[in-house]
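Below is one structure, written out as structure tokens; the observations come after it.
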Amino acid sequence: VLSSKEILESAKKALFTSDNQPIDTVLKMDATFKLANNGWLLSPLCTETARFEPPHRSSSGLKRTGHKHVILPIAFLVHTTENTVPYKHALKLLVNIPNTHFGFPVNIRFCFKWFVADNSRQAQNAAKDELGEDVIILNCQDHLLRKFNDNKVKVRDTDNISVIEPCIRAMSRAATAN
């Protein structure tokens, strides 16, 4: 598990209030394949927040902006296999960073209320074990859209519902009830 002092300080500022209380946030994790020819994987551990920017006037007229999604990487897991062991290890290290690196009391940890990942059962099981039974596990919308669009199954095309429904049901069985 890799990080840097600058990344951790940014995480501290973004994920805790001024009086060092944790803010409920989302944790996203996804393994990047083909990092190297010998099979190593890279899994960034990131938070994502939504920030609304109202429209403003520019020389070309009214510019629509809307929501911006700000990604904050916290750590990177380099591993050789996509199973529960490296994920559990990384998540355990991550949630304990406030006391191991910030000097906070043991009972103050990062508060990841939501966990977003691809449809990896191993990542989801690790999240339940290390983030708590109350964590809400969500499947990544980008993975879902890519899966269908790469196979020329357009998600917004109602003719494809018979193909989409079984995949969504399969994904929902791998996630928490919420």
Side-chain angles (χ1 to χ4, degrees), residues 1-17 20 22-53 66-102 104 108-150 155 167 170-172 174-176 178:
V1 178
L2 308 167
S3 194
S4 72
K5 185 176 181 177
E6 292 81 12
I7 289 174
L8 294 178
E9 284 300 317
S10 293
K12 180 180 175 183
K13 289 177 188 170
L15 303 178
F16 286 90
T17 63
N20 295 334
I23 297 170
D24 290 343
T25 189
V26 64
L27 177 65
K28 295 181 118 180
M29 181 173 71
D30 184 21
T32 301
F33 293 92
K34 299 179 184 173
L35 179 62
N37 289 335
N38 59 1
W40 286 90
L41 304 165
L42 174 70
S43 292
L45 299 154
C46 306
T47 64
E48 180 178 8
T49 58
R51 182 181 73 232
F52 180 74
E53 292 184 4
H67 285 89
K68 305 260 186 210
H69 294 272
V70 180
I71 303 293
L72 173 65
I74 301 172
F76 301 90
L77 170 64
V78 179
H79 50 117
T80 58
T81 181
E82 193 173 12
N83 68 39
T84 306
V85 174
Y87 291 140
K88 282 182 70 167
H89 179 71
L91 294 175
K92 181 179 276 192
L93 288 172
L94 186 65
V95 297
N96 288 308
I97 283 174
N99 65 46
T100 58
H101 288 77
F102 301 159
F104 290 177
I108 296 181
R109 304 166 19 139
F110 282 127
C111 187
F112 299 116
K113 189 172 182 176
W114 303 273
F115 179 75
V116 179
D118 57 10
N119 200 28
S120 165
R121 170 84 68 196
Q122 295 84 2
Q124 293 172 355
N125 288 340
K128 285 180 195 172
D129 290 346
E130 299 303 326
L131 303 180
E133 286 294 321
D134 293 339
V135 67
I136 297 170
I137 297 176
L138 304 167
N139 286 292
C140 177
Q141 177 183 348
D142 294 332
H143 280 83
L144 180 63
L145 291 174
R146 188 177 334 126
K147 175 181 176 96
F148 292 119
N149 291 336
D150 285 353
V155 175
C167 293
M171 290 175 76
S172 68
T176 56
N178 290 330

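Owing to the predicted nature of the structure, the values given are computational and were not obtained by experimental measurement.
In this structure, the side chain to side chain donor-acceptor pair (under 3.5 Å) partners of Asp129, at least two apart in sequence or on a different chain, are Lys88. Residues meeting the side-chain contact (heavy atoms from CB on, under 4.5 Å) test with Lys113, sequence neighbours left out: Asp24. Judged as a side-chain contact (heavy atoms from CB on, under 4.5 Å), and not counting sequence neighbours, the contacts of Leu93 are Val1, His89. In terms of the ring pair (Phe, Tyr, Trp, His ring centres under 6.0 Å) criterion, residue partners of Phe16 (sequence neighbours excluded) are, by chain and number, Phe104, Phe110. Partners of Tyr87 under the ring pair (Phe, Tyr, Trp, His ring centres under 6.0 Å) rule, at least two apart in sequence or in another chain, are His79. Partners of Glu130 under the side chain to side chain donor-acceptor pair (under 3.5 Å) rule, at least two apart in sequence or in another chain, do not exist in this structure. Under the rule for a side-chain contact (heavy atoms from CB on, under 4.5 Å), the partners of Thr80 that lie at least two apart in sequence or sit in another chain are Trp40. Taking the side chain to side chain donor-acceptor pair (under 3.5 Å) definition, one finds that Thr100 meets it with nothing, sequence neighbours left out.
Considering every non-hydrogen atom in both Ser3 and Ile74, the closest pair reads OG-O, 2.5 Å. Across Ile71 and Cys46, no two heavy atoms sit closer than the pair CG2-CB, 3.9 Å. Looking at every heavy atom in both residues, Val78 comes nearest to Leu2 through CG2-CD1, 3.8 Å.
To the nearest 0.5 Å, the span separating CG on Leu15 from OG1 on Thr47 amounts to 5.0 Å. Annotation: the span from Leu72 atom CG to Leu45 atom CG amounts to 11.5 Å, rounded to 0.5 Å. Put simply, CG on Leu94 and CG on Leu77 are 10.5 Å apart, with the number rounded to the nearest 0.5 Å. Atom CG of Leu138 sits about 9.5 Å away from atom CD of Gln124, to the nearest 0.5 Å. The CZ atom of Arg109 sits 8.5 Å away from atom CG of Asn99, with the distance rounded to the nearest 0.5 Å.
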Below 3.5 Å, can you tabulate the donor-acceptor pairs from side chains in residues 6-14 to any protein atom, sequence neighbours excluded?
| from | atom 1 | to | atom 2 | distance (Å) |
| --- | --- | --- | --- | --- |
| Ser10 | OG | Glu6 | O | 3.2 |

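Across Trp114, Phe112, Phe115, a single residue satisfies side chain to side chain contact (heavy atoms under 4.5 Å, CB included) together with Ile136, and that is Trp114.
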Derivation and outcome, side-chain contact (heavy atoms from CB on, under 4.5 Å), residues Leu27 and Leu91: CA-CA 10 Å; Leu27 177 65; Leu91 294 175; 3.5 Å; yes

Evaluate the criterion side-chain contact (heavy atoms from CB on, under 4.5 Å) for residue pair Thr17 and Ile23; output intermediate values, then yes/no. CA-CA 7 Å; Thr17 63; Ile23 297 170; 4.0 Å; yes

